[in-house]
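Okay, so here's the structure we're looking at.
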Protein chains: 2
Amino acid sequence: MWEGDRPSRSFVLLEGFGCTYKLTGDMPDLQSLHLKVLDNSLGTITPCQVGFIQHETLLDLCHRQPRIAAALWRETLIDASIFREWILNVGRREARSRMAHVLCELIVRLRAVGLAQDHRCKLPITQVEMADALGLSAVHVNRVLQELRGDGLIRLDGGTLTVLDWESLRQVADFDPAYLHLQRSQAAA
Amino acid sequence: MWEGDRPSRSFVLLEGFGCTYKLTGDMPDLQSLHLKVLDNSLGTITPCQVGFIQHETLLDLCHRQPRIAAALWRETLIDASIFREWILNVGRREARSRMAHVLCELIVRLRAVGLAQDHRCKLPITQVEMADALGLSAVHVNRVLQELRGDGLIRLDGGTLTVLDWESLRQVADFDPAYLHLQRSQAAA
DNA sequence: CGATGGCTTGAAATCTCTCAAAGAAAGTGG
DNA sequence: CCACTTTCTTTGAGAGATTTCAAGCCATCG
């Protein structure tokens with residue numbers, strides 16, 4: 001799906017890693033429900049399984065089940081909240097901190113949906129893609145990751161991220177998960 | 001209003017310049033309607049006039065007038081869209097381009113609501129505040145503005161911004177207003 | 001007048017990028 | 001299983017962008 005498209009249905013990411021930095025279980029394009037033109041492209045990092053739903057169906061559902069509408073609306077508000085944090089992250093933190101922040105977010109979000117145990121999770125992503133997401137050069141991403149590893153904060157092998165020292169990483173990242181708006185039960189780090 | 005607050009009503013900016021980079025006429029905290037905790041602080045740049053509305057009232061209104069709910073939802077989606085563009089702007093464009101981009105956005109948004117004529121508008125903002133918004137140092141903001149002026153792209157005096165060469169500024173900014181999701185009638189630049 | 005806030009300038013320090021090359025790892029086809 | 005190709009990671013060094021620190025200027029305000 002590309003910028004400029006005018007989709008007539010929304011979809012849900014059921015399985016895999018998608019782009020625009022979206023994770024399994026997310027519904028990245030509620031956008032398309034109320035905005036006619038797509039203003040960003042969506043891609044996949046890994047092979048993904050997605051479900052589609054017609055806009056009409058969804059709108060009808062929202063109309064008859066205000067709770068659902070509220071939940072989805074809430075979802076878009078949280079997205080916006082996350083974007084705000086990213087603006088801060090990308091605009092004001094230096095590379096090391098920025099990287100740490102994404103990693104913290106990744107862990108917490110995946111834990112919240114049961115896709116990460118302890119402080120370890122899959123990270124099937126290339127350094128070039130990370131660079132892209134963080135607005136850094138791939139070379140610099142590499143060096144920053146080495147630093148983080150060298151300081152014993154994380155381990156990274158075979159597409160698996162392990163946070164060895166959560167508290168330090170959190171401090172480096174200046175990470176406070178409030179912006180993710182998780183339920184208390186999900187928020188435990 | 002501060003991070004961590006749990007507001008029971010929303011408000012509308014009726015007049016003035018508010019912070020989190022919001023402009024007159026916006027409704028910056030629909031957020032609070034569905035999310036319990038405020039995850040960002042709101043401030044004002046200039047003295048502002050705001051209207052308040054109880055959450056209950058608003059929810060009730062949405063329930064009885066789905067069109068209103070849809071419109072407000074749409075609003076939050078556009079916000080998210082703008083945030084996405086900002087992530088791009090702040091993360092990937094260098095200072096000169098970044099600055100040009102905000103100025104373009106400012107002009108277009110103010111024109112859309114009739115607050116800017118031609119390519120000129122009020123910009124009652126200090127360079128320090130700009131620096132803050134752009135994630136740059138105040139010193140650098142100053143230099144970039146000088147460049148832009150030196151190249152004859154803008155003029156800036158007494159809190160008034162005048163774009164002297166819109167097309168060039170747009171190019172420097174790599175600005176495409178699609179992400180603002182304006183109606184065609186509003187979008188004319 | 002002195003104080004304050006905002007703008008401007010210069011110079012050195014820092015961060016990050018680009019370019020270029022080489023080493024690992026992973027996938028492909030024989 | 002091996003050669004081969006491709007993709008990803010790692011390294012070094014120089015160039016560029018941006019920051020910090022420090023100082024000076026200018027207007028406004030009490």
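Given the structure is predicted, the values throughout are model-derived calculations rather than measurements. Just so we're on the same page: letters track the sequence lines, and every chain starts at 1.
Per the geometry, CZ belonging to R143(A) stands 11 Å off C1' belonging to dC19(C), to the nearest Å. Note: CZ (R98(B)) to C1' (dT19(D)) measures 13 Å, nearest angstrom. Between the NE2 atom of H140(B) and the C1' atom of dG10(C) there is a distance of 15 Å, given to the nearest Å. Between the CD atom of E129(B) and the P atom of dG5(C) there is a distance of 13 Å, given to the nearest Å. One atom, CG of D157(A), and another, P of dA24(C), lie 17 Å apart when rounded to the nearest Å. One atom, CD of E94(A), and another, P of dC17(C), lie 12 Å apart when rounded to the nearest Å. Distance, R93(B) CZ to dA17(D) P: 17 Å, rounded to whole Å. Between the P atom of dC7(C) and the CG atom of L145(B) lies a distance of 9 Å, rounded to the nearest Å.
Using a 4.0 Å cut-off, some side-chain N or O of R149(B) falls inside it from OP1 or OP2 of dT8(C). Remark: N142(B) is not in phosphate contact with dC7(C), judged by side-chain N or O atoms under 4.0 Å from OP1 or OP2. Neither OP1 nor OP2 of dT7(D) sits under 4.0 Å from any side-chain N or O of T126(A). When the side-chain nitrogen and oxygen atoms of Q127(A) are compared with OP1 and OP2 of dT7(D), none of them lie within a distance under 4.0 Å. Note on Q146(A): a side-chain N or O is less than 4.0 Å away from OP1 or OP2 of dT11(D).
Across all strands, G159(B) comes closer than 4.0 Å to no nucleic acid atom at all (heavy-atom distances). No engagement by G158(B) is indicated, since no non-hydrogen atom pair under 4.0 Å with the nucleic acid exists. Using a 4.0 Å heavy-atom criterion, one finds that A95(B) contacts the sugar-phosphate atoms exclusively.
The aromatic rings of W166(B) and F175(B) lie perpendicular to each other, with more than 60° between the two planes, well past the 30° mark.
The number of heavy atoms from other shown groups lying within 6.0 Å of CD (E167(A)) is above 12. For R93(A), the CZ atom counts as densely surrounded, since its 6.0 Å shell holds more than 12 non-hydrogen atoms of other residues, nucleotides or ligands.
Mapping I125(B) and R96(A) onto DNA chain C via the closest heavy atom, the residue that lands nearer the 5' end is I125(B).
The main-chain N or O of V37(A) is never found under 3.5 Å from a side-chain atom of R6(A) such that the two would form a donor-acceptor pair. Put simply, the side chain of S32(B) never gets that close to the backbone of S10(B): no donor and acceptor are under 3.5 Å apart.
Closest to the side chain of S137(A), out of dT11(D), dC15(C), dC17(C), is dC17(C).
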